[in-house]
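Have a look at the structure below, then the notes.
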Amino acid sequence: MEKTKLQLFIKQKEISRRVKELAKSINKDYHDKIPIFIGVLNGAFIFMSDLIREIKVKCEIDFIKLSSYGDYKISSGKVKTIKELNCDVKGRDIIIVEDIIDSGLSMKYMLNLIRNQKPKSVKIAALLYKKNVGKINFNIDYLGFEIENKFVVGYGLDFAQKYRNLKEIYVL
Ligand code: IMP
Ligand code: MG
């Protein structure tokens with residue numbers, strides 16, 4: 001794979017350290033609960049799998065897939081569900097697991113969708129958040145890293161479906 005245009009941004013060790021810290025907080029907060037982790041495909045699949053393996057409390061998982069950016073770096077501004085949830089959200093403690101929050105549009109859509117199904121609680125775990133993009137009207141309960149407004153790939157994140165397999169996070 002051509003790597004020349006990629007600039008190393010967050011090292012594997014750094015990611016893994018943060019993922020463990022996030023899991024530690026989650027373990028503490030959910031010690032008497034059985035949360036459902038809902039991973040947002042495709043981007044969150046690696047973060048989700050690393051995070052979940054650090055979780056010590058009894059838990060369940062499910063995945064949802066939203067329409068993506070297509071092959072462009074800028075959001076189309078429209079979000080829709082491509083793969084629906086299979087779990088019963090009603091009365092449950094939900095943790096949405098997302099790779100990156102940019103404009104916050106996808107998360108807003110998801111929060112709406114999940115809250116409509118009357119969960120007991122909803123929290124958000126996101127590996128990355130682009131702090132300078134826009135105002136978001138929700139709280140990111142478990143956040144890995146705040147980053148500048150740069151397009152990043154690797155560790156599940158793609159550009160035109162490529163680079164998801166990289167172990168580190170790169171700036172494109
Ligand atoms: P938002 O709806 O603008 O918050 O965008 C969120 C989604 O866009 C994420 O789940 C990612 O799939 C994708 N995305 C946003 N920024 C990046 C990036 O820098 N690299 C890769 N994907 C991104
Ligand atoms: Mg995503």
Side-chain angles (χ1 to χ4, degrees), residues 1-12 14-16 18-19 22-23 26 36-52 61-87 89 94-117 122-172:
M1 185 175 290
E2 198 201 339
K3 266 197 191 180
T4 47
K5 286 174 285 181
L6 304 181
Q7 189 191 336
L8 183 58
F9 187 51
I10 310 175
K11 288 184 188 150
Q12 204 185 338
E14 186 84 346
I15 300 171
S16 136
R18 265 316 270 154
V19 170
L22 297 183
I26 296 174
I36 308 177
F37 289 85
I38 296 179
V40 186
L41 294 172
N42 292 331
F45 83 114
I46 292 181
F47 175 42
M48 174 90 156
S49 68
D50 280 350
L51 183 72
I52 212 82
I61 68 158
D62 196 5
F63 290 95
I64 189 170
K65 187 167 185 174
L66 306 180
S67 57
S68 71
Y69 276 31
D71 285 349
Y72 301 94
K73 286 199 218 171
I74 297 162
S75 171
S76 64
K78 283 183 200 147
V79 186
K80 60 176 194 197
T81 310
I82 295 175
K83 181 219 163 284
E84 290 182 16
L85 287 175
N86 293 115
C87 64
V89 163
I94 305 300
I95 303 172
I96 303 173
V97 182
E98 177 65 296
D99 53 356
I100 185 164
I101 295 171
D102 186 355
S103 68
L105 213 76
S106 314
M107 189 52 74
K108 231 174 108 182
Y109 174 88
M110 216 144 25
L111 282 169
N112 243 325
L113 197 122
I114 289 172
R115 282 182 181 143
N116 278 340
Q117 299 177 44
V122 186
K123 283 196 181 185
I124 298 169
L127 182 68
L128 304 166
Y129 168 53
K130 290 187 192 171
K131 59 179 182 227
N132 296 327
V133 172
K135 263 201 226 137
I136 55 170
N137 63 352
F138 51 82
N139 186 39
I140 307 174
D141 306 278
Y142 308 100
L143 175 62
F145 306 90
E146 262 192 16
I147 65 167
E148 304 296 320
N149 189 12
K150 289 176 177 157
F151 200 85
V152 291
V153 297
Y155 196 73
L157 292 128
D158 74 306
F159 173 59
Q161 300 304 325
K162 309 293 187 303
Y163 309 119
R164 293 193 196 275
N165 53 312
L166 302 178
K167 287 181 181 168
E168 307 88 358
I169 295 172
Y170 295 81
V171 171
L172 194 71

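When a ligand or atom number is given, it counts from 1 through the structure's own listing order. Quick caveat, the model's predicted, so the values are computed rather than measured.
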Do I169 and I147 touch side chain to side chain, with heavy atoms closer than 4.5 Å?
no
Pick one of side chain, backbone, both or neither for how K150 approaches ligand 1, counting any non-hydrogen atom pair under 4.0 Å.
backbone
Within ligand 1, which atoms have a heavy atom of K130 less than 4.0 Å away?
16 (N), 17 (C), 18 (C), 19 (O)
Is it true that atom NZ of K108 has more than 12 heavy atoms of other residues, nucleotides or ligands lying nearer than 6.0 Å?
no
Between D99 and V40, is a side chain to side chain contact (heavy atoms under 4.5 Å, CB included) present by the stated rule, with each step listed?
CA-CA 8 Å; D99 53 356; V40 186; 6.0 Å; no
N/O to N/O below 3.5 Å, does that happen between V153 and ligand 1?
no
For the pair Y109 (side chain) and T81 (backbone), establish whether a donor and an acceptor sit closer than 3.5 Å, ignoring hydrogens and angles.
yes
What verdict does the side chain to side chain contact (heavy atoms under 4.5 Å, CB included) test give for I52 and V97, after you've listed the backbone C-alpha separation in whole Å, the side-chain angles of each residue and the deciding distance to 0.1 Å?
CA-CA 10 Å; I52 212 82; V97 182; over 6 Å; no
Using the rule given for salt bridge (charged side-chain N to carboxylate O under 4.0 Å, His left out), can you reason through K131 versus E148, listing the C-alpha separation, both sets of side-chain angles and the distance that settles it, and then say yes or no?
CA-CA 6 Å; K131 59 179 182 227; E148 304 296 320; 3.4 Å; yes
Could you check whether the rings of F47 and Y155 sit parallel, tilted or perpendicular, using 30° and 60° as the cut-offs?
tilted
Sub-4.0 Å atoms of ligand 1 with respect to non-hydrogen atoms of S103:
1 (P), 2 (O), 3 (O), 4 (O)
Please work out, at 4.0 Å between heavy atoms, whether the side chain, the backbone, both, or neither of V79 comes within that distance of ligand 1.
neither
With a heavy-atom distance limit of 4.0 Å, tell me whether L157 approaches ligand 1 through its side chain, its backbone, both, or neither.
side chain
Residue-ligand contact K108/ligand 1, heavy atom below 4.0 Å
no
Contact between M107 and ligand 1, counting heavy atoms under 4.0 Å?
no
Tell me whether the count of non-hydrogen atoms from other residues, nucleotides or ligands lying under 6.0 Å of NZ in K150 goes above 12.
no
I'd like to know whether ligand 1 has G43 as a neighbour, heavy-atom separation below 4.0 Å.
no
At the 4.0 Å heavy-atom cut-off, does V152 count as touching ligand 1?
yes
List ligand 1 atoms under 4.0 Å from E98, heavy atoms only on the residue side.
10 (O)
